[in-house]
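Throughout, residue positions are numbered sequentially from 1 according to the sequence presented. It should be emphasised that the depicted structure is a prediction, and the values quoted were computed from it without experimental measurement.
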Amino acid sequence: MPAQPIFEARVDVARNIVRTRFFGDVTAAGMQDAVARVEAMLSNLKPGFSGFADFRDITSMGLDCVPALAKIMDLCREHGIGLIIRRLPEPTRDIGINILSVVHYRGQVRTVTVDTLEEAERALR
């Protein structure tokens with residue numbers, strides 16, 4: 001049986017925004033697909049782009065997903081992300097996204113954490 005997707009991503013070229021959503025049981029194998037997709041999408045964005053990363057609907061995410069998540073953060077930083085809006089998972093499902101952000105964005109990326117999709121949309125304006 002094929003693995004269920006755990007990741008969605010869309011680029012809004014006109015607004016220079018990438019939106020990502022992680023959900024379900026996130027695995028290291030599924031995260032490799034996410035890395036490849038984000039890397040391919042970055043060529044459509046200009047430096048200073050904004051990102052929305054929605055982690056709220058994760059049911060589980062193992063520590064073996066950390067390297068791939070860190071790679072996505074590094075790719076975004078290297079491509080010039082200017083703002084990241086995050087909707088974090090419940091604390092029991094968080095693998096240290098706050099710590100990873102500090103290490104991989106290196107204080108170079110403005111980061112805003114929101115609780116709702118409406119807050120995210122307001123922050124992306």
Side-chain angles (χ1 to χ4, degrees):
M1 182 164 91
Q4 295 285 60
I6 51 86
F7 176 75
E8 294 174 348
R10 296 186 327 254
V11 170
D12 181 338
V13 174
R15 293 180 61 203
N16 206 32
I17 296 172
V18 63
R19 298 169 191 273
T20 60
R21 177 177 168 244
F22 297 85
F23 53 93
D25 296 316
V26 180
T27 64
M31 286 296 293
Q32 293 308 310
D33 177 55
V35 170
R37 289 179 58 202
V38 168
E39 188 167 25
M41 296 174 106
L42 289 175
S43 64
N44 297 308
L45 297 165
K46 298 178 190 118
F49 72 97
S50 297
F52 173 50
D54 190 346
F55 297 98
R56 183 60 53 102
D57 296 322
I58 290 173
T59 53
S60 69
M61 185 178 215
L63 290 174
D64 57 348
C65 294
V66 169
L69 185 57
K71 177 69 174 172
I72 290 171
M73 290 177 173
D74 289 342
L75 287 168
C76 288
R77 188 193 74 249
E78 290 164 6
H79 193 73
I81 191 169
L83 169 67
I84 183 75
I85 309 297
R86 309 173 309 173
R87 191 169 168 232
L88 298 178
E90 295 300 318
T92 58
R93 294 184 293 256
D94 187 356
I95 60 169
I97 294 168
N98 283 324
I99 298 291
L100 290 170
S101 294
V102 169
V103 172
H104 293 278
Y105 292 143
R106 301 178 185 166
Q108 299 170 2
V109 180
R110 185 171 152 241
T111 303
V112 176
T113 302
V114 299
D115 291 320
T116 67
L117 295 174
E118 293 78 20
E119 287 177 275
E121 287 305 316
R122 282 193 302 271
L124 287 168
R125 290 190 182 140

Look at the side-chain heavy atoms of Ile, Leu, Val, Met, Phe, Trp and Tyr, link any pair under 4.5 Å apart, and say whether Leu42 and Ile85 land in one connected group. no
Near Leu117 CG, under 6.0 Å, is it more than 12 heavy atoms from other residues, nucleotides or ligands? yes
Just by modelled atom types, is the Val109 backbone N or O under 3.5 Å from a matching donor or acceptor in the Thr111 side chain? yes
For Val35, which residues count as a side-chain contact (heavy atoms from CB on, under 4.5 Å) partner, sequence neighbours excluded? Ala68, Lys71, Ile72, Leu75
Please report the interatomic distance CZ(Arg37) to OG1(Thr20), rounded to the nearest 0.5 Å. 10.0 Å
Interatomic spacing from CG in Leu88 to OG in Ser101 - rounded to 0.5 Å: 7.5 Å
Reported CD1-to-CG distance for the pair Ile6 and Asp57, which is rounded to 0.5 angstrom: 12.5 Å
Ring pair (Phe, Tyr, Trp, His ring centres under 6.0 Å) with His104: which residues, sequence neighbours excluded? none
To the nearest 0.5 Å, what is the distance between OG (Ser50) and CD1 (Ile17)? 5.5 Å
If every non-hydrogen atom of Gly48 is compared with every non-hydrogen atom of Asn16, which pair is closest and at what distance? C-ND2, 4.0 Å
About how many Å separate OG1 of Thr116 and CD of Glu121, when rounded to the nearest 0.5 Å? 9.5 Å
May I ask you to test the Ile97-Met73 pair for a side-chain heavy-atom distance under 4.5 Å? yes
For Phe55, is there any backbone N or O sitting under 3.5 Å from a side-chain donor or acceptor partner on Arg87? no
Geometric class of the Phe22/Phe7 ring pair [parallel <30°, tilted 30-60°, perpendicular >60°]: tilted
Give a yes or no on whether Ile58 and Leu63 share a hydrophobic cluster (residues Ile, Leu, Val, Met, Phe, Trp, Tyr; joining criterion: side-chain heavy atoms under 4.5 Å apart). yes
Heavy-atom pair of closest approach, residues Arg110 and Val112: NH2-CG2, 3.8 Å
Which pair of non-hydrogen atoms, one from Arg56 and one from Val114, has the smallest distance, and what is that distance? NH2-O, 4.0 Å
Is there a path of hydrophobic side-chain contacts, each under 4.5 Å between heavy atoms of I, L, V, M, F, W or Y residues, that connects Leu69 with Val18? yes
Hydrophobic cluster membership, Val26 vs Phe52, 4.5 Å side-chain cutoff: no
Taking Asn44 for the side chain and Val13 for the main chain, is one N or O donor matched with an acceptor at less than 3.5 Å? no
Separation of Ile84 CD1 from Thr113 OG1 (nearest 0.5 Å): 9.5 Å
Return the minimal non-hydrogen interatomic distance between Cys65 and Ala28, and the atom names on each side. SG-N, 3.6 Å
Going by ring pair (Phe, Tyr, Trp, His ring centres under 6.0 Å), name the residues that satisfy it together with Tyr105, two or more places apart in sequence or in a different chain. none
Please say which of Val11, Leu124, Asp54 ends up in a side-chain contact (heavy atoms from CB on, under 4.5 Å) with Arg19. Leu124
